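These notes are about the structure you will find just below.
All of these numbers come straight from a predicted model, not from anything done at the bench.
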Amino acid sequence: ADLVSSLFAYVHYRQHGSRQFDANNLAFEVAAVNDADKFNNLLRGLLTFPVAQVMYQKLLTSINRSAKEVHTCIELMHRFDLLYPTTIPSKDAPAKATAEIDYSVTRQRESSGGGSLSDGPVDHSIQHWLVPTLFSGILPPAIIQHVTSLMAGYHKKYTFNILPGNFFARLLVRIRRHVSRVFVGTFSQPDDEDPTINRFWRNGAWIQNTATTRGLIRADRKSIWVSLNCSSDDVSHASWLFMSGLHNTITILASEYKGVVVSEFLPCLNRDCGSLFEIGRDLHESQIDSTCVCPRCKSVFDTKNIVLGHYPDEHSHRNAAMETLVQSPQLLPTIRTELQQIQAESFGSDPSCKLSEEEEVVMLDRVVQLLDENHAALNMVDESRVYSSPASFQ
């Protein structure tokens, strides 16, 4: 509790000033933390080892523990879903808005849940951690609309009777334990008037599991949306395990909140319908060899195709979705040129050509990066429609 209170007390102190806090009663020297965090990284969701060292020095001394145990303190917060390790290009200079961040961490994947610190050795080589509860950016609506349309595979919606405020931040930390890469936007310079502003997405993440599996996970007021680009027919394939792992992570975390009830939905394969099948009522995932009738459009589909997200018009739809993005009149000429190049490389001159899994993920990664880096120039999406539509995954 003292570890967490120190972290968030400092952030609150910086945001609201000394009127609500007596700096003498804090478990750290505010001036020393300010000096260690000269680029205001912590206020924007990035904790560095020098800042943690200064922040927890007094606390460790008060309990007769060595100041060298800072990594143990951070590992404890990691186990409680407060932060996760990352790497950035340089620890001594502020990252530019266009700088790419390598979110891969050279450590073994961990088991889910709590556990004691004796479960494994603490990695003292890690110098940077992301704190999702401090993120203030928004997943660009252009990514939600266009990238979701380009993805082939599994789509699912989890609707909560109430979505706890810290649920998605904790979910992101747990997901990071099991996947090889998480992208939450590019790190940018702080705003001169408000150093807490950052572009890390507080409501979404682009995740990678295997070399050919990608996914977009996002949250709105009462729902978690999962879209995966994994279209394998083999239910023992890694993509199916990825789906199952995400499902277990979401439902197990939800079970830790008293009174939270989760309903699960899968979209109708008729794109003009927009209806959702409620799992357990309209279909049962265990009955994979049965058929299912859409309650709205009355179309009949194989349950297996609904569960795996096998749309009958998948390739033609993706080709049209890419063309729609490229032809958007609001695109800047430089962005349009890059997207046209991606389109030519991915779909070629033959519109019936089907992409390989490797080509799919290359295309998707490049489009996500491009739309994120140019988010300010891409005012082409109606945010209210993207975020409020209950029957659309786009």
For E360 and R318, what are the C-alpha separation, side-chain angles and deciding distance, and is it a salt bridge (Lys or Arg N to Asp or Glu O under 4.0 Å)? CA-CA 11 Å; E360 286 179 355; R318 292 176 62 169; 3.0 Å; yes
side-chain contact (heavy atoms from CB on, under 4.5 Å), paired with F28, selected from V51, L7, V33: V33
Would you call V173 and H78 a side-chain contact if the rule is heavy atoms closer than 4.5 Å? yes
Check the pair K156 / E264 against salt bridge (Lys or Arg N to Asp or Glu O under 4.0 Å), numbers first and verdict last. CA-CA 7 Å; K156 194 170 189 177; E264 303 167 34; 2.8 Å; yes
Verify whether the ring centers belonging to F242 and H178 lie closer than 6.0 Å. no
Donor-acceptor pair, side chain of R174 and main chain of T249, under 3.5 angstrom: no
Would you call R170-E256 a salt bridge at under 4.0 Å N-O? yes
With a 4.0 Å cut-off, would you call R366 and E345 a salt bridge? yes
Do the non-hydrogen side-chain atoms of T213 and L228 ever get within less than 4.5 Å of each other? no
Centre-to-centre under 6.0 Å for F183 and W201, is that the case here? yes
Are S223 and Y158 side-chain neighbours, meaning at least one heavy-atom pair lies under 4.5 Å? no
Heavy atoms of R336 and S328 approach each other most closely as NH2-O, 3.2 Å
Check the side chains of E373 and Q369 for a donor-acceptor pair under 3.5 angstrom, ignoring hydrogens and angles. yes
Looking at G259 and N161, what are the two nearest heavy atoms and their distance? O-ND2, 2.9 Å
F167 ring center within less than 6.0 Å of Y257 ring center: yes
Give a yes or no on whether E29 atom CD has more than 12 heavy-atom contacts from other residues, nucleotides or ligands under 6.0 Å away. no
Does the ring of F200 carry R44 above it, NZ/CZ under 6.0 angstrom from centre and within 45° of its axis? no
Can you tell if the side chain of I224 reaches within under 4.5 Å of the side chain of I217, non-hydrogen atoms only? yes
